[in-house]
Amino acid sequence: MKLSPAEARERFGAARVARLATVSGTHQPHLVPFTFALVRAAGAGDAGDLIVHAVDHKPKVSTDLKRLRNIAENGQVAALADGYSDDWNQLWWARADGVAEIRTTLGADLHEMLAGRYPQYRDRRPDGPFVVIRVGRWSGWSA
């Protein structure tokens with residue numbers, strides 16, 4: 001069953017992790033799991049919400065990440081959250097399509113939203129960089 005944009009937004013927002021799909025300027029896809037906070041836009045209807053992601057302190061070789069290079073070349077992204085169960089009557093997915101930008105700083109309110117979702121960010125706030133996705137379309141499906 002197709003989900004309404006509001007239902008897709010609700011399911012996506014409740015997910016603990018999603019997958020971020022980016023594409024390079026040479027059309028090479030790249031997919032990574034990511035943590036996020038969903039900022040709901042007041043009165044924006046199906047679009048205008050923000051998804052905020054921080055490059056955090058988990059071990060990485062550097063912050064020169066493929067997802068960031070791809071966004072710098074092509075800001076069009078998709079993010080997907082899903083629920084899997086061996087009972088296929090419980091399956092669902094929710095997708096956000098939008099335009100991403102890279103920021104070097106993040107406002108205190110957005111930092112608080114990330115810290116509210118992930119205890120690991122409460123004691124050690126991420127330094128960034130940050131990815132902010134302006135959602136243009138929500139879609140989804142549920143069994």
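To the nearest 0.5 Å, atom CG of residue Leu3 and atom CZ of residue Arg95 are 13.0 Å apart. A distance of 13.0 Å separates CD in Gln76 from CG in Asn70, rounded to the nearest 0.5 Å. To the nearest 0.5 angstrom, His30 atom NE2 is 9.5 Å from Ile71 atom CD1. Put simply, CG on Leu50 and CE on Met113 are 9.0 Å apart, with the number rounded to the nearest 0.5 Å. Once rounded to the nearest 0.5 Å, the distance linking CH2 of Trp93 with CG of Leu80 reads 7.0 Å.
At a threshold of 4.5 Å between side-chain heavy atoms, the hydrophobic network of Ile, Leu, Val, Met, Phe, Trp and Tyr places Val32 and Leu38 in one connected group. Cluster membership check: Val99 does not share its hydrophobic cluster with Val132, using side-chain heavy-atom separations under 4.5 Å among Ile, Leu, Val, Met, Phe, Trp and Tyr.
In this structure Glu73 satisfies the side chain to side chain donor-acceptor pair (under 3.5 Å) test with no other residue, sequence neighbours excluded. Among residues two or more places apart in sequence or in another chain, the side chain to side chain donor-acceptor pair (under 3.5 Å) test is passed with Arg134 by none. For Ser24, the side chain to side chain donor-acceptor pair (under 3.5 Å) test picks out Thr26, with sequence neighbours left out. Annotation: ring-ring contact (aromatic ring centres under 6.0 Å, His included) contacts of Phe34 (sequence neighbours excluded): Phe36, His53.
Closest of all the heavy-atom pairs between Ala18 and Phe12 is CB-CZ, 3.9 Å. Counting all heavy atoms, side chain and backbone alike, Ala100 lies closest to Val131 at CB-CG1, 4.0 Å. The shortest heavy-atom contact between Ala94 and Ala8 is CB-O, 3.3 Å.
At least one donor-acceptor pair closer than 3.5 Å links the side chain of Arg16 to the backbone N or O of Arg117.
At least one side-chain heavy atom of Leu106 sits less than 4.5 Å from a side-chain heavy atom of Leu114.
Counting heavy-atom neighbours within 6.0 Å of Arg11 CZ, excluding the residue itself, gives a total above 12.
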Please step through side chain to side chain contact (heavy atoms under 4.5 Å, CB included) for the pair Leu31 and Leu20, ending with a clear verdict. CA-CA 6 Å; Leu31 184 66; Leu20 176 64; 6.0 Å; no
Hey, mind stepping through Glu7 and Arg9 against salt bridge (Lys or Arg N to Asp or Glu O under 4.0 Å) and telling me if it holds? CA-CA 5 Å; Glu7 291 168 319; Arg9 180 189 304 118; over 6 Å; no
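Among residues at least two apart or in separate chains, side-chain hydrogen bond (donor to acceptor under 3.5 Å, both in side chains) pairs with a member in residues 105-115 are Glu112-Arg125. Evaluation of the salt bridge (Lys or Arg N to Asp or Glu O under 4.0 Å) test over residues 82-94, restricted to residues two or more places apart or in two chains, returns Arg19-Asp82.
Screening Val39, Val77, Val135 for a side-chain contact (heavy atoms from CB on, under 4.5 Å) with Ile51, the sole residue that qualifies is Val135. The only member of Ile102, Leu65, Thr104 that meets side-chain contact (heavy atoms from CB on, under 4.5 Å) when paired with Pro129 is Ile102.
No side-chain donor from either of Trp138 and Asp97 sits under 3.5 Å from a side-chain acceptor of the other.
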